[in-house]
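Presented below is the structure to which this report refers.
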Amino acid sequence: MKYIDVYKKRVEHLGTNPQRRAMKSGILEFSRSLRYNEHTQRGLHKDGDSLTFDGIVLTNKEDDNKSTQILLTELSVPLACGDIVIWNDERWLVYQYTTSSYQPYQKFFMVRCNYEIKWVDGEGEVRKSWCYLLGSKDSKIKDNFRTWNEVITPQPNKYIQLILPHTTMAINTEIIVLDEAWYLVDYD
């Protein structure tokens, strides 16, 4: 009889319907995995925030360059896309959150920030942000020229793309990367 009573209490603890039991048991399983997994990183925190948390950091198998990682955290961790996570004294930008119908943990994709940029905002204040710089600064646009209405027009021979936390920045803002000026021409 005792076995049945203990089992009954455990089932009641997990929830009253199959969905809640599955979710709660998944949360407990992830919590256990977080304690014992070899990929668990302790003491992670958001840039500018003293709150620390633990997470499982996995290699993103779809990234040949190994510059992105997958971060799994408990549901209670206040993390969102655009946040910068400090891991191993490096800054990682969270750029994607993945959801599914059954998810007892949060799953994020993050990329290692490789530059700190500076710019002057509309109010004249110098702003800074860590970012991930895509592309080579020395890459050339195909053929370096474009024919348009039988006129050859020179095109810029350098361009870069940045992924950075959400910020308000006007088109044609001058951005400084490694003491070199760039102009914002487009964003999404």
Side-chain angles (χ1 to χ4, degrees), residues 41 44-53 55 57-73 75-100 103 105-188:
Q41 300 297 318
L44 301 172
H45 65 278
K46 290 193 314 188
D47 197 15
D49 193 345
S50 61
L51 176 71
T52 61
F53 60 93
V57 179
L58 304 171
T59 301
N60 184 3
K61 294 179 182 175
E62 294 179 11
D63 181 11
D64 295 334
N65 299 324
K66 305 292 184 252
S67 61
T68 65
Q69 301 287 321
I70 297 171
L71 173 64
L72 307 176
T73 67
L75 295 172
S76 61
V77 174
L79 200 58
C81 289
D83 287 340
I84 293 181
V85 173
I86 308 294
W87 170 44
N88 287 342
D89 294 326
E90 294 179 322
R91 287 169 173 80
W92 291 78
L93 175 63
V94 174
Y95 69 90
Q96 184 179 354
Y97 173 72
T98 303
T99 58
S100 66
Q103 190 166 326
Y105 53 83
Q106 297 181 93
K107 180 179 181 181
F108 299 97
F109 288 85
M110 58 184 190
V111 63
R112 185 177 52 235
C113 297
N114 53 4
Y115 288 97
E116 184 179 39
I117 62 169
K118 300 175 188 174
W119 72 95
V120 177
D121 68 9
E123 297 169 6
E125 291 188 39
V126 176
R127 312 274 263 150
K128 294 180 186 180
S129 178
W130 283 94
C131 71
Y132 175 64
L133 189 132
L134 295 165
S136 170
K137 293 193 307 181
D138 299 322
S139 61
K140 305 256 183 206
I141 294 178
K142 187 178 179 180
D143 296 329
N144 206 19
F145 292 98
R146 166 197 269 168
T147 304
W148 181 56
N149 290 338
E150 298 179 4
V151 176
I152 296 176
T153 57
Q155 298 293 308
N157 61 357
K158 289 177 155 185
Y159 72 93
I160 57 174
Q161 296 175 341
L162 305 172
I163 300 175
L164 67 152
H166 177 74
T167 186
T168 303
M169 194 182 301
I171 298 288
N172 291 327
T173 298
E174 192 173 281
I175 301 169
I176 307 299
V177 180
L178 292 175
D179 298 327
E180 188 172 0
W182 299 83
Y183 288 97
L184 176 65
V185 294
D186 194 16
Y187 58 84
D188 61 10

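- Nearest approach of Tyr183 to Asn172, heavy atoms of both residues: CD2-O, 3.5 Å.
- Crowding of Tyr187 atom OH: a count of heavy atoms from other residues, nucleotides or ligands under 6.0 Å not exceeding 12.
- Contact annotation: the side chain of Val77 approaches that of Gln106 to within less than 4.5 Å [non-hydrogen atoms, C-beta and beyond].
- Test Glu174, Arg127, Glu125 against Trp119 for side chain to side chain contact (heavy atoms under 4.5 Å, CB included) and you get one pass: Arg127.
- Separation of atoms CG (Leu51) and CG (Leu44) is listed at 11.0 Å; rounding is to 0.5 Å.
- Counting heavy atoms of neighbouring residues, nucleotides and ligands inside a 6.0 Å radius, atom OH of Tyr95 exceeds 12 of them.
- In this structure, the separation between CE on Met169 and CG on Leu162 is 8.0 Å, given to the nearest 0.5 Å.
- Ile175 places a side-chain heavy atom less than 4.5 Å from the side chain of Leu184.
- Atom-to-atom distance recorded for Ile117:CD1 and Trp182:CH2 is 12.5 Å, nearest 0.5 angstrom.
- No donor-acceptor pair under 3.5 Å is formed between the side chain of Asp49 and the backbone N or O of Lys46.
- A 4.5 Å side-chain heavy-atom check between Gln69 and Trp92 finds at least one atom pair inside the cut-off.
- Summarising the geometry, atom CH2 belonging to Trp130 is positioned 10.0 Å from atom CD belonging to Glu90; distances are rounded to the nearest 0.5 Å.
- At a threshold of 4.5 Å between non-hydrogen side-chain atoms, the residues Met110 and Val57 count as touching.
- Taking CG from Leu72 and CZ from Phe108, the interatomic distance works out to 9.5 Å, rounded to the nearest 0.5 Å.
- In this structure a side-chain-to-backbone donor-acceptor pair under 3.5 Å is missing from Asn60 to Ile70.
- Of all non-hydrogen atoms in Thr73 and Phe53, the two that sit nearest each other are CG2-CE1, 3.9 Å.
- Minimum interatomic distance between Asp83 and Pro78 (heavy atoms only, all atoms of both residues): OD2-O, 4.1 Å.
- Looking at heavy atoms from C-beta onward, Tyr115 lies in side-chain contact with Cys131 at the 4.5 angstrom threshold.
- Ile84 has its side chain out of reach of Val94: every pair of non-hydrogen atoms, C-beta onward, lies at least 4.5 Å apart.
- Listed for the Gln103 side chain is a donor-acceptor partner under 3.5 Å among the backbone atoms of Ser100.
- Looking only at distances, no side-chain donor or acceptor of Lys118 sits under 3.5 Å from a matching main-chain atom of Ser129.
- The closest side-chain heavy-atom distance from Ile160 to Val177 is below 4.5 Å.
- Counting only heavy atoms from C-beta outward, the side chains of Ile163 and Leu93 approach each other to under 4.5 Å.
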